[in-house]
Amino acid sequence: MLEALPYWLHLIAAAAWVGPQLMMFLVVVPGLGALDTGTRARFLARISVRFGWLGAASLALLLLTGIDNIDRYAPGRMFEFRYGYILAVKLALFGIVTVLTALHSLVVGPRLLRLQELAAHSPDSAPGLPRARRASALLSALTLVLSLAVLFCAALLRSRWAFGPA
């Protein structure tokens, strides 16, 4: 029974990573349009910190349990099967998702929050706000789509198709 624990933790981390992304992209951000600029800025500042901690913890747990899963479940000579190539794509996508997340968390997101705070005090003081919002939305959408692609690769790895000849 304990042997299932790392795989279960991997699934929990994946749900904790993708679930909030879907919620933010499909529910929270579209609902922000109903708020005034100041309230929107305060709300996003607060939720971004919480989401950031959850995201970082999820990505770290995905990395650690993913390494363990490769050790446990990957077949020997995996590149003789589709499995090895699917895994390589999954890992590349995970790397891209991690880089995009860091870019959003450390550059795009903080810039957007600063511009929103400026706009809350004086709408004319943040002329780059619409562009920053578009950049944030585009980066978030790309991260979400690639995260879903990682999940699809994970499903493929657990299918019979992955064990066909390469």
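Count residues from 1 along the sequence.
Here ring pair (Phe, Tyr, Trp, His ring centres under 6.0 Å) pairs that include residues 144-166, with residues two or more places apart or in two chains, are Y83-F163. Applying the side chain to side chain donor-acceptor pair (under 3.5 Å) definition to pairs two or more places apart or across chains, those involving residues 11-20 are W17-S147. Among residues at least two apart or in separate chains, there is no side chain to side chain donor-acceptor pair (under 3.5 Å) pair with a member in residues 22-34. For the salt bridge (charged side-chain N to carboxylate O under 4.0 Å, His left out) condition, the pairs that include at least one residue of residues 59-73, sequence neighbours left out, are D68-R72. Applying the salt bridge (charged side-chain N to carboxylate O under 4.0 Å, His left out) rule to pairs touching residues 14-27 yields nothing, sequence neighbours excluded.
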Please tabulate, one pair per line, all N/O donor-acceptor pairs under 3.5 Å involving side-chain atoms of residues 89-101, not counting sequence neighbours.
{"residue": "T98", "atom": "OG1", "partner": "F94", "partner atom": "O", "Å": "2.8"}
{"residue": "T101", "atom": "OG1", "partner": "V97", "partner atom": "O", "Å": "2.7"}

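The ring pair (Phe, Tyr, Trp, His ring centres under 6.0 Å) search around Y73 returns Y7, not counting sequence neighbours. In this structure R46 satisfies the side-chain hydrogen bond (donor to acceptor under 3.5 Å, both in side chains) test with no other residue, sequence neighbours excluded. Evaluation of the side-chain hydrogen bond (donor to acceptor under 3.5 Å, both in side chains) rule for T39 yields D36, R42 as partners, not counting sequence neighbours. Qualifying side-chain contact (heavy atoms from CB on, under 4.5 Å) partners for W53, counting only residues two or more places apart in sequence or in other chains: V49. Partners of I47 by side-chain contact (heavy atoms from CB on, under 4.5 Å), not counting sequence neighbours, listed by chain and number: M24, V28, F43, L44. With sequence neighbours excluded, the residues forming a side-chain contact (heavy atoms from CB on, under 4.5 Å) with A166 are Y85, listed by chain and number.
Taking all atoms of both residues into account, the shortest heavy-atom contact from L54 to A16 is CD2-O, 3.7 Å.
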